[in-house]
*Asks:* 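Dropping a structure here in structure tokens format, bear with me for questions.
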Amino acid sequence: MKQITHWIGGKRWTGTAERHGDVYDPATGQVSGRVDLASAEDVDAAVAAAREAFPAWRDASLTKRAGVLFAFRELVARHRDDLAALITSEHGKVRADAAGEVARGLEVVEFACGIPHLLKGGYSENVSTRVDSYSIRQPLGVVAGITPFNFPAMVPMWMFPIAIACGNTFVLKPSEKDPSASLLLAELWREAGLPDGVFNVVHGDKTAVDALLTHPDVSAVSFVGSTPIARYVYETGTAHGKRVQALGGAKNHMLVLPDADLDLAADAAVSAGFGSAGERCMAISAVVAVDPVGDELVAKIKERVAKLTVGPGDDDRSEMGPLVTGPHRDKVTSYLDSGVAQGATLAVDGREHELPDGSGFWLGPTVLDHVTPEMDCYRDEIFGPVLSIVRTASYETGMELIAANPYGNGTAVFTNDGGAARRFCNEVEVGMVGVNVPIPVPMAYYSFGGWKASLFGDTHMHGTEGVHFYTRGKVVTSRWLDPSHGGVNLGFPTNG
């Protein structure tokens with residue numbers, strides 16, 4: 001059985017853990033590995049290694065840092081299939097989806113390779129007589145990332161490349177459900193020439209999280225996960241004097257106007273609703289169909305869902321894999337029964353989809369129609385392959401639905417009317433917006449993050465906001481005496 005442990009000070013931890021967690025292969029339901037769960041003392045050792053490495057890495061030239069980032073980028077690209085295989089084996093997502101995750105993480109690494117330009121400051125000459133001022137941005141110190149199970153490579157790579165490029169040292173606490181990708185990334189950092197202690201990994205549960213949030217030597221924490229935990233991370237971290245960006249949950253709406261291309265909209269709803277088995281915070285979970293297109297749109301969605309192949313992630317024929325754990329699968333399935341009990345129509349029952357034999361954590365793509373805002377399946381972030389169809393009478397009532405929802409992560413509008421699209425982008429109270437694009441995840445040089453209960457903190461991830469999160473500004477005002485005021489001066493005399 002595979003043994004997964006921490007990475008501290010540039011090597012795998014050799015201690016003995018008091019607690020362990022099981023790692024499953026979601027396609028078979030069998031335990032495939034055992035992960036060490038960190039104690040507070042183990043977290044302290046990782047933070048101590050990062051603290052010791054910080055002064056030298058902070059003072060490393062931008063050229064040196066960029067060189068390591070470029071080398072790391074090449075190594076990740078070379079090992080993308082290995083990373084994808086680890087993700088598939090522990091998370092369950094299909095191979096193509098896992099490879100896409102690695103590719104999107106690489107975009108942030110590539111963005112961070114431009115750190116010499118990203119950290120350029122400003123300079124003002126003669127702000128007063130012979131007095132100059134300039135601004136610089138400097139690293140914070142030891143920073144931490146706490147990341148979710150659904151993107152075990154991409155979400156960490158939204159954090160640590162920029163943090164490290166800015167001169168910080170990093171402690172990653174990945175999900176204990178699929179921890180192996182983080183260790184391969186650590187090995188690639190070492191091969192790229194990153195000094196020992198600059199990047200560390202501790203596996204664990206709430207014990208490790210609390211140790212990071214309260215540790216006096218951790219300056220900042222980045223988090224992605226559910227809204228209740230995001231709120232806890234934000235409140236606990238800030239109460240202990242830390243800078244915190246905590247990205248929470250989502251209930252992403254896709255507003256389909258009557259003039260939309262319904263084939264395009266149906267393709268998008270199925271792709272965005274069931275990719276990665278719906279286990280992503282940018283999944284479309286609520287399709288808001290404006291009358292009179294609801295019946296036709298649902299029919300087109302049902303046609304496409306019926307053709308989806310659900311199977312093991314390492315089978316190239318599979319389009320959707322299993323859910324990550326048995327308990328999570330059972331929780332997602334419970335929304336099918338509660339939705340019907342509360343008045344929804346089960347247009348597609350994922351339990352009746354053709355599923356692989358065996359004890360894997362399977363649930364097929366599901367469509368709940370005639371969903372209303374009072375239902376649990378609408379109010380809760382299901383985080384599974386369940387697509388809710390909400391019927392509404394007009395653009396205005398659809399917008400009211402979106403505005404009333406406590407989440408504000410991602411949204412999309414499908415229309416052929418440019419004026420309606422522009423109005424939607426202007427009015428919608430959501431952080432990331434797509435126009436005929438169902439999953440509007442920004443490129444690495446823009447920043448990722450939502451509004452309302454989808455974000456706690458003021459700064460989004462990656463892009464220029466990511467650089468600002470992992471640095472702090474300093475302004476220097478200086479006066480230097482003119483050498484001509486004294487001593488020998490053979491320069492050409494001028495009038496002052």
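Only heavy atoms go into these numbers, but all of them, side chains included; no hydrogens, no water, no symmetry mates.
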*Asks:* Can you tell if the side chain of Thr207 reaches within under 4.5 Å of the side chain of Arg19, non-hydrogen atoms only?
*Replies:* yes
*Asks:* Without swapping roles, check the side chain of Thr366 against the backbone of Gly364 for a donor-acceptor pair under 3.5 Å.
*Replies:*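 Pair found, side chain donor or acceptor close to backbone of Gly364.
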*Asks:* Check whether any side-chain heavy atom of Val76 sits under 4.5 Å from a side-chain heavy atom of Val109, and report yes or no.
*Replies:* no
*Asks:* Report yes if the side chains of Ser222 and Met461 come closer than 4.5 Å at any heavy-atom pair, otherwise no.
*Replies:*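 In short, these two side chains touch, coming nearer than 4.5 Å.
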*Asks:* Would you call the rings of Phe383 and His328 parallel, tilted or perpendicular, where under 30° means parallel and over 60° means perpendicular?
*Replies:*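 Plane angle over 60°, so perpendicular.
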*Asks:* Give, for atom CG of Leu83 and atom CG of Leu184, the distance between the pair rounded to the nearest 0.5 Å.
*Replies:* 4.5 Å
*Asks:* Using the salt bridge (charged side-chain N to carboxylate O under 4.0 Å, His left out) rule, collect all pairs that involve residues 181-203, keeping only residues at least two apart or in two chains.
*Replies:* Arg12-Glu187
*Asks:* Could you grab the distance from atom CD of Gln138 to atom SG of Cys166, nearest 0.5 Å is fine?
*Replies:* 11.5 Å
*Asks:* Hey, is the main chain of Lys331 close enough, under 3.5 Å, to the side chain of Ser334 for a donor-acceptor pair?
*Replies:*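 Indeed, once roles are kept as given, a pair shorter than 3.5 Å links the two residues.
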*Asks:* With a 4.5 Å cut-off on side-chain heavy atoms, are Val143 and Val221 touching?
*Replies:*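 No; the side chains remain at least 4.5 Å from each other.
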*Asks:* Are side-chain N/O atoms of Ser318 and Asp315 paired as donor and acceptor at under 3.5 Å?
*Replies:*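 Their side chains do not contain a donor-acceptor pair, so the 3.5 Å distance test is not met.
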*Asks:* Can you check whether His253 and Tyr378 have ring centres sitting under 6.0 Å from each other?
*Replies:* yes
*Asks:* In Å, rounded to the nearest 0.5 Å, how long is the span from CG of Leu183 to OG1 of Thr5?
*Replies:*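 So the CG of Leu183 and the OG1 of Thr5 are separated by 8.0 Å.
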*Asks:* Angle class for the His462/Phe448 ring planes (parallel below 30°, perpendicular above 60°, tilted otherwise)?
*Replies:* tilted
*Asks:* Do NZ/NE/NH1/NH2 and the carboxylate oxygens of Asp22 and Lys177 come within less than 4.0 Å?
*Replies:* no
*Asks:* Using 4.0 Å as the upper bound for N to carboxylate O, is an ion pair formed by Glu176 and Arg34?
*Replies:* no
*Asks:* When rounded to the nearest 0.5 angstrom, what is the spacing between CG in Leu188 and CG in Leu185?
*Replies:*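 Spacing of CG (Leu188) from CG (Leu185) equals 6.0 Å.
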*Asks:* If you count the non-hydrogen atoms of other residues, nucleotides and ligands that lie under 6.0 Å from CD in Gln3, is the total more than 12?
*Replies:*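 Yes.
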*Asks:* Apply the test side-chain contact (heavy atoms from CB on, under 4.5 Å) to residues Leu194 and Ile164: give CA-CA distance (whole Å), side-chain angles for both, the deciding distance (0.1 Å), then the verdict.
*Replies:* CA-CA 9 Å; Leu194 190 71; Ile164 289 172; 3.8 Å; yes
*Asks:* Any idea which heavy atoms bring Asn168 and Trp57 closest together, and the distance?
*Replies:* O-CD1, 3.2 Å
*Asks:* Provide the closest heavy-atom pair for Trp451 versus Val428 in the form atom of the first, atom of the second, distance.
*Replies:*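 Looks like CZ3-O, 4.3 Å.
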*Asks:* Considering only heavy atoms from C-beta outward, does the side chain of Leu363 approach that of Thr333 to under 4.5 Å?
*Replies:* yes
*Asks:* Hey, does the side chain of Arg58 reach the backbone of Pro139 with a donor-acceptor pair shorter than 3.5 angstrom?
*Replies:* no
*Asks:* Between Thr169 (side chain only) and Val198 (backbone N and O only), is there a donor and an acceptor less than 3.5 Å apart?
*Replies:* no
*Asks:* Should Ile4 and Pro179 count as side-chain neighbours, where that means a heavy-atom distance under 4.5 Å?
*Replies:* yes
*Asks:* Taking Gly408's backbone N and O only, do any of them form a donor-acceptor pair with Ser454's side chain (distance below 3.5 Å, no angle check)?
*Replies:* yes
*Asks:* Taking all heavy atoms of Gly105 and all of Met154, pick out the closest pair and write down the distance.
*Replies:* N-CG, 3.8 Å
*Asks:* Would you compute the distance between atom CZ of Phe111 and atom OH of Tyr445 and round it to the nearest 0.5 angstrom?
*Replies:*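 Between atom CZ of Phe111 and atom OH of Tyr445 there are 10.5 Å.
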*Asks:* Any idea which heavy atoms bring Leu213 and His240 closest together, and the distance?
*Replies:*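 Heavy atoms only, the tightest pair is O-CB, 3.6 Å.
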*Asks:* State plainly whether the residues Lys251 and Glu381 are in salt-bridge range, i.e. N to O under 4.0 Å.
*Replies:* no
*Asks:* Between His91 and Pro152 (side chain of the first, backbone of the second, donor and acceptor by atom type, cut-off under 3.5 Å), is there such a pair?
*Replies:* no
*Asks:* Does any part of the side chain of Thr214, heavy atoms only, come nearer than 4.5 Å to the side chain of Thr236, both counted from C-beta?
*Replies:*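 Yes, side chains in contact.
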*Asks:* Apply the test side-chain contact (heavy atoms from CB on, under 4.5 Å) to residues Arg280 and Phe151: give CA-CA distance (whole Å), side-chain angles for both, the deciding distance (0.1 Å), then the verdict.
*Replies:* CA-CA 8 Å; Arg280 51 190 181 194; Phe151 289 102; 3.5 Å; yes
*Asks:* Hey, does the side chain of Asp349 reach the backbone of Arg351 with a donor-acceptor pair shorter than 3.5 angstrom?
*Replies:*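 A pair under 3.5 Å: yes.
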*Asks:* Check whether His353 reaches the backbone of Leu308 with its side chain - one donor and one acceptor, N or O, closer than 3.5 Å.
*Replies:*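 Pair found, side chain donor or acceptor close to backbone of Leu308.
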*Asks:* Classify the ring geometry of Phe361 against Tyr24: parallel below 30°, tilted from 30° to 60°, perpendicular beyond 60°.
*Replies:* perpendicular
*Asks:* Please determine whether the number of non-hydrogen atoms from other residues, nucleotides or ligands lying under 6.0 Å from atom CZ of Arg472 exceeds 12.
*Replies:*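 No, because the 6.0 Å sphere around CZ of Arg472 holds 12 heavy atoms or fewer from other groups.
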*Asks:* Stepwise, does the salt bridge (Lys or Arg N to Asp or Glu O under 4.0 Å) test hold for Glu90 with Lys2?
*Replies:* CA-CA 11 Å; Glu90 295 179 351; Lys2 180 169 59 174; 2.8 Å; yes
*Asks:* Can you pull the salt bridge (charged side-chain N to carboxylate O under 4.0 Å, His left out) pairs that have at least one residue in residues 214-237, sequence neighbours excluded?
*Replies:* Arg51-Asp217
*Asks:* Using modelled atom types only, decide if a donor and an acceptor are shared between the side chain of His203 and the backbone of Leu37 within a distance under 3.5 Å.
*Replies:* no
*Asks:* For a side-chain contact (heavy atoms from CB on, under 4.5 Å) check, start with the C-alpha distance between His460 and His468, then their side-chain angles and the critical distance, and finish with the verdict.
*Replies:* CA-CA 10 Å; His460 293 165; His468 281 206; over 6 Å; no
*Asks:* Taking all heavy atoms of Asp376 and all of Ser338, pick out the closest pair and write down the distance.
*Replies:*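 Closest approach of Asp376 to Ser338: CB-OG, 4.5 Å.
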*Asks:* Leu387 versus Leu368: any side-chain heavy-atom pair under 4.5 Å?
*Replies:*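 No; the side chains remain at least 4.5 Å from each other.
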*Asks:* Could you check whether Arg95 pairs with Asp316 (Lys NZ or Arg NE/NH1/NH2 to Asp/Glu carboxylate O, under 4.0 Å)?
*Replies:*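 Yes, charged N to carboxylate O under 4.0 Å.
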*Asks:* Decide if atom CG of Asp458 counts as having more than 12 heavy atoms of other residues, nucleotides or ligands within a radius under 6.0 Å.
*Replies:*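 Atom CG in Asp458 is not crowded, with 12 or fewer foreign heavy atoms closer than 6.0 Å.
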*Asks:* Determine, for Lys93 against Glu101, whether the closest basic-nitrogen to carboxylate-oxygen distance falls under 4.0 angstrom.
*Replies:*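 So Lys93 pairs with Glu101 through a salt bridge.
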*Asks:* Run Val310 and Glu354 through side-chain contact (heavy atoms from CB on, under 4.5 Å) and show every step you take.
*Replies:* CA-CA 7 Å; Val310 178; Glu354 184 177 346; over 6 Å; no
*Asks:* So which pairs with a foot in residues 212-237 pass ring-ring contact (aromatic ring centres under 6.0 Å, His included), sequence neighbours left out?
*Replies:*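 Those involving residues 212-237 do not exist here.
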*Asks:* Under 3.5 Å, is there a donor-acceptor pair between the side chain of Gln245 and the main chain of Thr459?
*Replies:* yes
*Asks:* Checking side-chain hydrogen bond (donor to acceptor under 3.5 Å, both in side chains) for the pair Asp42/Ser39: CA distance, chi angles, key distance, verdict?
*Replies:* CA-CA 5 Å; Asp42 300 331; Ser39 65; 3.1 Å; yes
*Asks:* Do we see a donor-acceptor contact under 3.5 Å between the side chains of Ser89 and Asp25?
*Replies:*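 Judged by distance alone, the side chains do not pair up.
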*Asks:* Can you name the closest pair of heavy atoms from Ala453 and Thr227 and give their distance?
*Replies:* O-OG1, 2.8 Å
*Asks:* Just verifying a value: how many Å separate Asp97 CG and Ser276 OG, rounded to the nearest 0.5 Å?
*Replies:*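 Going from CG on Asp97 over to OG on Ser276, the span is 4.5 Å.
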